[in-house]
A.B. asks: 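Quick one: the structure is below, questions incoming.
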Amino acid sequence: MDLLLLLTVLLGAPQEERVQFIPRVSKDIYLNAVKELDQAVELIASEPREAVAKVTGILTNSRIKYFECRLKIEKVVGETEERAFFPYQVRGRARMAVAERSELQAREAALVDAIADFKKSVEAKVRGSADL
């Protein structure tokens, strides 16, 4: 792994989060995804592999188009709810937890996958991802 290059990319990235408006017609899919992501966060400490699987399910859902942003979800006309939605960052954290519990060869593979997720999160300018 080229850690120096990775650190340069991560530390040099601007940290400005995007906000994505989700209209009422799409709210259910995003509210469910946010709920699943919150559950994955809770699983990181106890069941990191399950957390990875949950987040991967979110990331592969073809109905979800926006990632690594803050969602401004329209619940009813004129009323929105803002939620953080950073699945790559969460999956990267879960993969780091998997790596900590793995043997050396599996640990390396998990860390490479975690770095790839953090890179995507940094590219989306998510605050805190560069630190991870």
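Since we're looking at a predicted model, the values are computed, not measured.
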A.B. asks: Give me the atom names and distance for the closest heavy-atom approach of K75 to K27.
C.D. replies: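 Closest approach of K75 to K27: O-NZ, 3.1 Å.
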A.B. asks: Locate the shortest heavy-atom distance separating G92 from A114; write the atom from each residue and the value.
C.D. replies: O-CB, 3.5 Å
A.B. asks: Any chain of hydrophobic side-chain contacts (each under 4.5 Å) joining I44 to V126?
C.D. replies: no
A.B. asks: Would you say that E123 contacts Y88 through its side chain, given a criterion of any heavy-atom pair below 4.5 Å between the two side chains?
C.D. replies: no
A.B. asks: Flag the pair M96 / F118 as yes when at least one side-chain heavy-atom distance between them is below 4.5 Å, and no otherwise.
C.D. replies: yes
A.B. asks: Does the side chain to side chain contact (heavy atoms under 4.5 Å, CB included) test come out yes or no for V77 and R24, once each step is laid out?
C.D. replies: CA-CA 8 Å; V77 176; R24 280 182 325 214; 2.3 Å; yes
A.B. asks: Which atoms form the tightest heavy-atom contact between V98 and S102, and what is the distance?
C.D. replies: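 The pair with the smallest heavy-atom distance is O-OG, 2.6 Å.
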A.B. asks: Would you say E68 and S121 are linked by a side-chain donor-acceptor pair, where the criterion is simply a distance under 3.5 Å?
C.D. replies: yes
A.B. asks: So do E74 and F21 actually touch side chain to side chain, heavy atoms under 4.5 Å?
C.D. replies: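 When only atoms from C-beta onward are counted, E74 and F21 do touch, with a gap below 4.5 Å.
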A.B. asks: Any idea which heavy atoms bring R127 and Q89 closest together, and the distance?
C.D. replies: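 Shortest heavy-atom contact: O-NE2, 3.6 Å.
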A.B. asks: Taking all non-hydrogen atoms of both residues into account, name the closest pair between S46 and R101 and its distance.
C.D. replies: O-NH1, 3.3 Å
A.B. asks: When you check the side-chain N and O atoms of Q20 and K72, is any donor under 3.5 Å from an acceptor?
C.D. replies: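 Not at all, the side chains of Q20 and K72 share no donor-acceptor pair under 3.5 Å.
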A.B. asks: Would L59 and R91 count as a side chain to side chain contact (heavy atoms under 4.5 Å, CB included) here? Give the steps.
C.D. replies: CA-CA 10 Å; L59 291 168; R91 189 170 69 176; 3.5 Å; yes
A.B. asks: Nearest 0.5 Å please: distance from the CG atom of N61 over to the CD1 atom of I29.
C.D. replies: 4.5 Å
A.B. asks: Rounded to the nearest 0.5 Å, what separation is found between the CD atom of E82 and the CD1 atom of I73?
C.D. replies: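 Here the rounded value is 9.5 Å.
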A.B. asks: Calculate, to the nearest 0.5 Å, the distance between atoms CG and CD belonging to L37 and E42 respectively.
C.D. replies: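 Interatomic distance, L37 CG to E42 CD, rounded to 0.5 Å: 10.5 Å.
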A.B. asks: Has E79 got more than 12 heavy atoms of other residues, nucleotides or ligands less than 6.0 Å from its CD?
C.D. replies: yes
A.B. asks: Distance from K120 atom NZ to F67 atom CZ, nearest 0.5 Å?
C.D. replies: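 Answer for the NZ-CZ pair, K120 versus F67, is 10.0 Å.
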A.B. asks: Under the side chain to side chain contact (heavy atoms under 4.5 Å, CB included) rule, what do Q39 and K54 come out as? Steps first, then yes or no, please.
C.D. replies: CA-CA 8 Å; Q39 291 171 353; K54 270 190 179 296; 3.2 Å; yes
A.B. asks: Would you give the length of the straight line joining atom OH of Y66 to atom CG of L71, rounded to the nearest 0.5 angstrom?
C.D. replies: 10.0 Å
A.B. asks: So do the side chains of D117 and R95 get within less than 4.5 Å of each other, counting heavy atoms only?
C.D. replies: yes
A.B. asks: Can you check whether R83 reaches Y30 side chain to side chain, under 4.5 Å on heavy atoms?
C.D. replies: no
A.B. asks: Kindly compute the distance separating SG (C69) from CD1 (I22), expressed to the nearest 0.5 Å.
C.D. replies: 6.5 Å
A.B. asks: Taking side-chain contact (heavy atoms from CB on, under 4.5 Å) as the criterion, tell me which of V55, L43, D38 meets it with V90.
C.D. replies: V55
A.B. asks: For a quick test of reading the model, state the closest non-hydrogen atom pair linking A33 to I58 and the distance between them.
C.D. replies: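 Smallest interatomic distance, heavy atoms only, reads O-CD1, 3.5 Å.
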A.B. asks: Is E47 paired with R49 through a side-chain N to carboxylate O contact shorter than 4.0 Å?
C.D. replies: no
